[in-house]
Structure formats: C-alpha cells, structure tokens
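First the proteins, then the strands, lettered A, B, ... as listed; each starts at 1.
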Amino acid sequence: MKLIDALAVARRPVAEDASPLKVFLACGFTPLHLETFLAAALSDRSPLERVEVTTGLFGDLAGNIERVEGEGPDVVVAVVEWQDLDARLGIRRLGGWRVEDLPDIVNSAERTMGRLEKAIIGAAELTPTYVSLPTLPLPPLFTTASAQASGYELQLRLCVSRLAATLAAHSRIRITSTQRLDEMSPLASRFDIQSELSAGFPYQLAHASAIAELLAALIRNSGPKKGLITDLDDTLWSGILGEDGVEGISWHLDQQTHTHGLYQQFLASLASAGVLTAVASKNDPALVEQAFDRQDLLIGKKSLYPIDAHWGPKSESVRRILKTWNIAADSVIFIDDSPMELAEVKAVFPEMECLLFPKSDPSAFWQLLRRLRDLFGKSILSEEDSIRLQSIRAAATLPGSSNGDTTSLDSFLRDAQATVVFTFGKQKDDHRAFELINKTNQFNLNGKRLNETSWTAYLNDPTTFVMTVSYEDKYGPLGKIAVLLGRVQGTVATINYWVMSCRAFSRRIEQQSLRWLFEELHLREVHFDYQPTERNKPICDFLSSIVGAPLNGDLRISMASFFEKCPPLFHQIKATANG
Amino acid sequence: MDNLEHRLVRCFSSVFPGLNEDQIRNASVDSVPDWHSLASVTLISVVQEEFGVQVGLTDLPNLVSFSAVQNYVQHHVTD
C-alpha cells in the first residue's frame, strides 16, 4: 500500500456505532508512517471497526510495553528494532563501535531482551500481543567484512531467536514470520537512513507497509478452511489407475513424479492437524481400494474420509462428502488436475474454492502448497483437532433422528455409554471455546463472532458465565464440542452465545445442556439472544421444537415447557469448575 | 491544472484533508496551522513516493509552501 492510499484508508469514515479497536503501538522509534500503515491495514481487514492507534514514548520500547494497563488497549503491538536492544546497534547515538565495545553491546542487548520478554509476557496476560522482532540490517559495527558473519552478530541473532521462541510459546502472543517478511520486503530495501537521521523513523515506506500488513493479518485474520477434497489420478498420484494399474501409479523421485509424493506428505500433515481430507475420484472403487493398500503411500486411507470413487459427476461426490462432514461448501477446498472437473464442481458449488493441481509445473505446485498452508493455517492446535476425523467416522454409525425414528435413536443412545462433561470457568487461553464460537455455523444461536478483544472483555465481565461441554462415548471422544456464554440474574439466565459442533448432533447433548442449566443454576426461565442466520437452521429447529412455534426475537423457555418436551437422556454427567 | 500539479494537490490533500484545492495551491507553513513538523515529514514522504524523487536533507527546510514543493518537484522530475 502506498502512503497516500494508507492516509486515505486510515481516515475513511466508519459507522457511528462501529465498535472501537484500540491498538497500542509500542516501538522505540518515531511511529510516524508505521502508525498510518497499521491503522490502514487494520481498517481494510476490519471495516466495521473504528481503528484507533495510540503510541508511547520515543526511545523507551520496554517502558512503553510495561506501562500497558488492563483497561487500556484491545491489542498491543510491539515492534522491536536493534537499537531498542542497545542504542549502539542504531545510528542515532554515538556510543562507540570499538572492538572493546562489542562484548558489552551483546551483553547489554541480552539484558534488554530479558526485560522485553518479561514486559511482553506481562502485557499478554492483559491483552493479546503481537510482536515484530528486528527486521533491519545491523549497522557495520563488527570487524568482519560484510561477506563474513561476525561471532558477535551471531550471538545477537541467537538471543533474538531465543526470545522469539519463548514468546511464541505463550498462548496470547503472536510473532510475525521473518520468512514471510523476507519475501515481501527485500532486506536491502528496508532501511531509510535519511528518514532515521531526520525524523527518527528508520523504515522505507514499502517496508513499513509490509510490517503493518503482516501485523494486521495476525490481528484480524479470516478463519482457516476446514476440509480438503482431492482427486486421485494425476493428483494424489501420477498416472491413471484404470490404465496404469495399482503398481503403475507413482510418486517418487526416480520416476520424476515426486511432487505427488510431496502432495501426499502435505495432505497427511493437514490431516494430522485436524483438517478433514477426502477423495472425489472418477474411478473403479475396487481398484481404488487396492491402490490404498499400497504400503508406500504417504497418506493412508485412515486419514482420508470419505473416499468417494465412482463414474458420475465429481459434484455428486463433493455433495456426499459435505453431507458426511456436515460443513458448508465455503469451508472446503477442492483440488483436481482437470480444469473441466474444477469447473463442474465450481458450477454446482460456486462458494467452494477450486484449485488446479499443476502436475507438470513444479513451481506452480510449490505455490499451491504455500497457498494451502495459508488457507489452512492455525495459530494453535487443540486436542479436538486430532480426533475430528475419528468422531466423524463414528457419527456415520448414528441412526437418523430427523426421520422420526426416535425408538432406534433411544436404543442407540442408551447403549452408547456416553459421558457429558460440563465445565464452568473463564479461561482466556481456552482456544477451543474461542474457535468454536468463531467457526460454528449451524448450531449457532445468532451467528455472532468474538474477536480476541471482545472475548477477553466478555470473560472479564463479572456478570457473565462460560460453560463448555465435552463428550465421549464408546465410539471415542468428541472432545470439547459446545460452548454457552450468558448471564444469570436470580432464577433467569440469558444466553448470549450458544454454539455446538456439527459433529455432536443427534446425541441429545443440546437437551442435556439445557437440562443441566435449569437444574444446576436453579433457573425458572432461560432467555435466548436468538437471531436467524442463513445457516443456523439446526438450532432454530431445536428451539422451535421446545417452543412449539416459529421463533421470534424474544425467545424465552420456561423450565416447565422444557421438561415437558425433553426426550429421554442417557448420558452420564460430570461437572468441573475451571478458572 | 497540469498533471503534475494535479498529483501534487492530491498529495497535499492526503496530508491536509481539510483544505480545498484553492487553499492547497496557496498553502504554506504560515497559512496552514496543521503544517507542523510531523505533517511536513509525512508530506515530503508522500511527495517522494508519488514522484519517485529523493528530497535531500539540506532541501527540506526550503519546502515550506505548495509553490516551493511544486518548483522542487518540477526541477527534479524533469532532470
């Protein structure tokens, strides 16, 4: 983004009722254009928020971070440069670059990094914190020629790497990627010595814009995709199974088909991180079964579910897979080597992103892997990510409840040996609860989302409660699958947020959750902040079934009417308190 | 208004959004209260980026009006 455009975007009017996003930009240099670029990048990504960037004192990065208070900003951004670690690593102070000064510069930088680590972790306890570590070239203070790395330089870089790794382990701290920044902003074009000397602002405009873009992408990111559907022939492997046979397909270096092996390895990585992966292939199902028996495949059939092979249109497979996964098309990527197949699927599911597998172009293939990592990238993995596919397989054994066959469902649930765990407590680092609120569409009371700022504010409100629900039965654990957020006043509760993973449908967990609330909190009535959305029909149907009428905005359910409609529940209940 | 002047007006407008075109063409450090040191740095950065020129440290103190900036840019862009 050019500065002239950033100035216009940062000043763009927003709605009067827009919620503020208060950002504290902590840096040791004059924030100047970085402040403008950051405001613009955030405004672009989050046009419904009023971005307000404030800054601290010149030359006191650690102090600026240490002064962050609990009721202050929604977000803290710390931008560290070498001169913040020791002024002699910058050019505005003339403290000496003699040989005998170098060990002291390194020691002093190490001490400052210790202070910064403490300050940043302290800020993160109060507020989500985003950190950019030194991005500028070091000045020529070392005794080696520029082609040779100095031992002192390497010590400094090691300290910064240690600091980065320590901070990254904290659940409320995010570090910008130096690799991504290197791609966006060449090292030689970052430092503006004239601007540093005249204004105390060390960045070239393009570099300031790149840092701001990266930070904004961390602060306001779109959620990751949930599933990937892949073709087989000339995609998961090289060759046509029906023509080349099970032994004729390949994915190895010696056959010049190695990119398919890398693709398998990449899909296995996605699957292990909780991304749903499935196959849609025009093929003979029996032959596909044989192919997946090959022991040298890098992704096993356990990681791919369902595997839908037949000779009909691919969109039929995609439809069946989406139904099995119970997720929407816009959460899924479809990959095929055939533009025609991509077009056929795209015509039926226009909201689905359909990507070409470039079987003959390694560079394009490399770009595809990078694009996929961006589409599926997660800040933090949860325990539920590792059991998602297992629970979807288990769900396939559930008898349908929507067809009115409650007798067989009763029988199944009675036999399921299910345990529901209710946990009351407010944990800022409960990423699973936060994730559920922000990605659940179908069983979602009103479609409202929470960013890290509003999540923290909700948890800090003493009048609110948070109840999370975990589930396990003899088919395996589903993990944490539901979250209720609300307020209790006397014998009346108001539910502001209620989401439940689609993997947990048809187990009467929603009824058990309400029953538990009524009984444990001694409630007479529950009010729901219900709003219809394009996708929340499942919760609408559930609540309508209790109310016995179409829902309106003012939804209240009394204890008597709930228990009158509540079906038999067979779960064993456990309750815990946390935080 | 020629193309260079039009682009320069746009630069000034991005830094001083409260001024109309006439006020911009007559703008100077003395006539525009918001033209403080920070605005000056921002203005010169916008102009450098827009016209691909590098304003020298010694030239900065002289760029105190629209016409001064216009003359500077005309001189350095045509060079």
Pair A:Arg93-A:Gln83, side-chain contact (heavy atoms from CB on, under 4.5 Å): steps then yes or no: CA-CA 9 Å; A:Arg93 302 279 290 277; A:Gln83 65 262 33; over 6 Å; no
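In this structure, the portion of A:Leu205 lying under 4.5 Å from any heavy atom of chain B is its side chain and not its backbone. Only the side chain of A:Asp5 comes within contact range of chain B, judged by heavy atoms closer than 4.5 Å. Using a 4.5 Å cut-off between heavy atoms, A:Leu3 contacts chain B through both its backbone and its side chain. For chain B, the nearby part of A:Ala199 is the side chain; its heavy atoms alone come within less than 4.5 Å.
Looking only at side-chain heavy atoms (C-beta outward), A:Thr112 and A:Asp86 stay at 4.5 Å or farther from each other.
For the set B:Leu38, B:Val55, B:Leu57, the entry with the most heavy-atom pairs within less than 4.5 Å of chain A is B:Leu57.
At a cut-off of 3.5 Å, with distance as the only test, no side-chain donor of A:Glu153 or A:Ser150 sits close to an acceptor on the other residue.
Using cut-offs of 30° and 60° on the angle between ring planes, the pair B:Tyr72 and B:His76 is parallel.
Of the options A:Phe58, A:Phe191, A:Trp82, A:Tyr203, a ring pair (Phe, Tyr, Trp, His ring centres under 6.0 Å) to A:Phe29 is made by A:Tyr203 and by none of the others.
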